[in-house]
Amino acid sequence: MTDPHTVLAEKSVAILATDGVERVELTEPRDALNKAGATVTLLSLQDGDISARDHDLEPSGSHQVDRLVKDVRAEEFDGLVIPGGTVNADKLRADDDAVAFVRAFVESGKPVGVICHGPWTLVEAGVAKGRTLTSYPSLRTDLRNAGATVLDEEVVIDGNLITSRSPDDLPAFCAAVVDAIAHGSQA
């Protein structure tokens, strides 16, 4: 039987986030990936720390950035997680380097987990068309307008894309992301 603490041994996973990230959507996937044995790298738009939020509004600490998204390539990682937070998602989708990285990662076929407001970056990267996704309710029109089919489910898996709606879905989201990275993409 496989030790659950080593299922992702030798796997490298990027989390792409910036100021305004929803704290639990960063920390819970990171903790699940670390617990499974993955090496997790926090990518961002700037060096230093990024500030997290609870419920989009309340400051909830900071997280040390490991590398800048402009300095990495999708080939360096086995999986990608994009947390939500309205401000985080809006800043990511407005950054050319972040958008290019997300596009390359989705096109690579490797697993990409995206939660809450994170799918805005998928829309901006032009990779939502023809995909079946979920998101926070306020983004669903944006996803449909980008050509996606939208479901209201805690986790939606379409090929290498794993999407969830909100922090309430984190247990199922984290399990699906770990499983997808452990078994390779489904694309």
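All values derive from a computational prediction rather than experimental measurement.
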Side-chain touch Asp158/Thr149, heavy atoms, less than 4.5 angstrom: no
Do Cys174 and Val177 have side chains that approach each other closer than 4.5 Å (heavy atoms only, starting at C-beta)?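 No. Closest side-chain heavy atoms not under 4.5 Å.
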Considering residues at least two apart in sequence or located in another chain, which fulfil the side chain to side chain donor-acceptor pair (under 3.5 Å) criterion with Glu153? none
Across all chains, not counting sequence neighbours, the side chain to side chain donor-acceptor pair (under 3.5 Å) partners of Asn145 are none
Does Arg140 have any salt bridge (charged side-chain N to carboxylate O under 4.0 Å, His left out) partners at least two apart in sequence or in another chain, and if so, which? Asp152
Separation between [atom1] of [X] and [atom2] of [Y], rounded to the nearest 0.5 Å:
X	Y	atom1	atom2	answer
Leu133	Arg165	CG	CZ	14.0 Å
Asp56	Asn88	CG	CG	9.5 Å
Leu43	Thr18	CG	OG1	11.0 Å
Leu161	Leu80	CG	CG	10.0 Å
Ile162	Asn160	CD1	CG	7.5 Å
Leu16	Leu26	CG	CG	10.5 Å

Sequence neighbours left out, what pairs pass salt bridge (charged side-chain N to carboxylate O under 4.0 Å, His left out) with at least one residue falling in [range]?
range	answer
residues 60-71	Arg67-Glu76
residues 85-102	Asp90-Arg93
residues 5-26	Arg23-Asp54

side-chain contact (heavy atoms from CB on, under 4.5 Å) involving [X] - partner list, sequence neighbours excluded:
X	value
Ala9	Thr6
Ser12	Phe77, Asp78
Ala182	Val7, Leu8

Which heavy atom of [X] sits nearest a heavy atom of [Y], and at what distance?
X	Y	result
Phe173	Gly113	CZ-C, 3.5 Å
Leu45	Ala98	CD2-CB, 4.0 Å
Val155	Ala176	CG1-CB, 3.9 Å
Val65	Ile50	CG2-CG2, 3.7 Å
Val13	Ala38	CG2-CB, 4.1 Å
Val102	Ala125	CG1-CB, 4.2 Å

hydrophobic_cluster_shared for Leu92 and Tyr136, side chain cutoff 4.5 Å: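 In one cluster: no.
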Under 4.5 Å between side-chain heavy atoms, counting indirect links through other Ile/Leu/Val/Met/Phe/Trp/Tyr residues: same cluster for Val72 and Ile82 or not? yes
If we ignore hydrogens and angles and just use 3.5 Å, is the side chain of Ser62 paired with the main-chain N or O of Ser51 as donor and acceptor? no
How does the hydrophobic cluster around Leu68 look, that is, which other residues are in it when side-chain heavy atoms under 4.5 Å mark a link? none
Mind checking ring pair (Phe, Tyr, Trp, His ring centres under 6.0 Å) for Phe105 and listing every partner two or more places apart, or none if nothing turns up?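 With sequence neighbours excluded, Phe105 shows a ring pair (Phe, Tyr, Trp, His ring centres under 6.0 Å) to Phe101, given in chain and number order.
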Evaluate side chain to side chain contact (heavy atoms under 4.5 Å, CB included) for His63 paired with Leu42, printing each intermediate quantity in order. CA-CA 8 Å; His63 299 273; Leu42 178 56; 3.9 Å; yes
N/O donor-acceptor pairs under 3.5 Å from side chains in residues 116-123, not counting sequence neighbours:
unit_1, atom_1, unit_2, atom_2, d
His117, NE2, Thr86, OG1, 3.4
Trp120, NE1, Asp142, OD2, 2.7

Is there a side chain to side chain contact (heavy atoms under 4.5 Å, CB included) between Val81 and Val40 once you walk through the steps? CA-CA 10 Å; Val81 173; Val40 180; over 6 Å; no
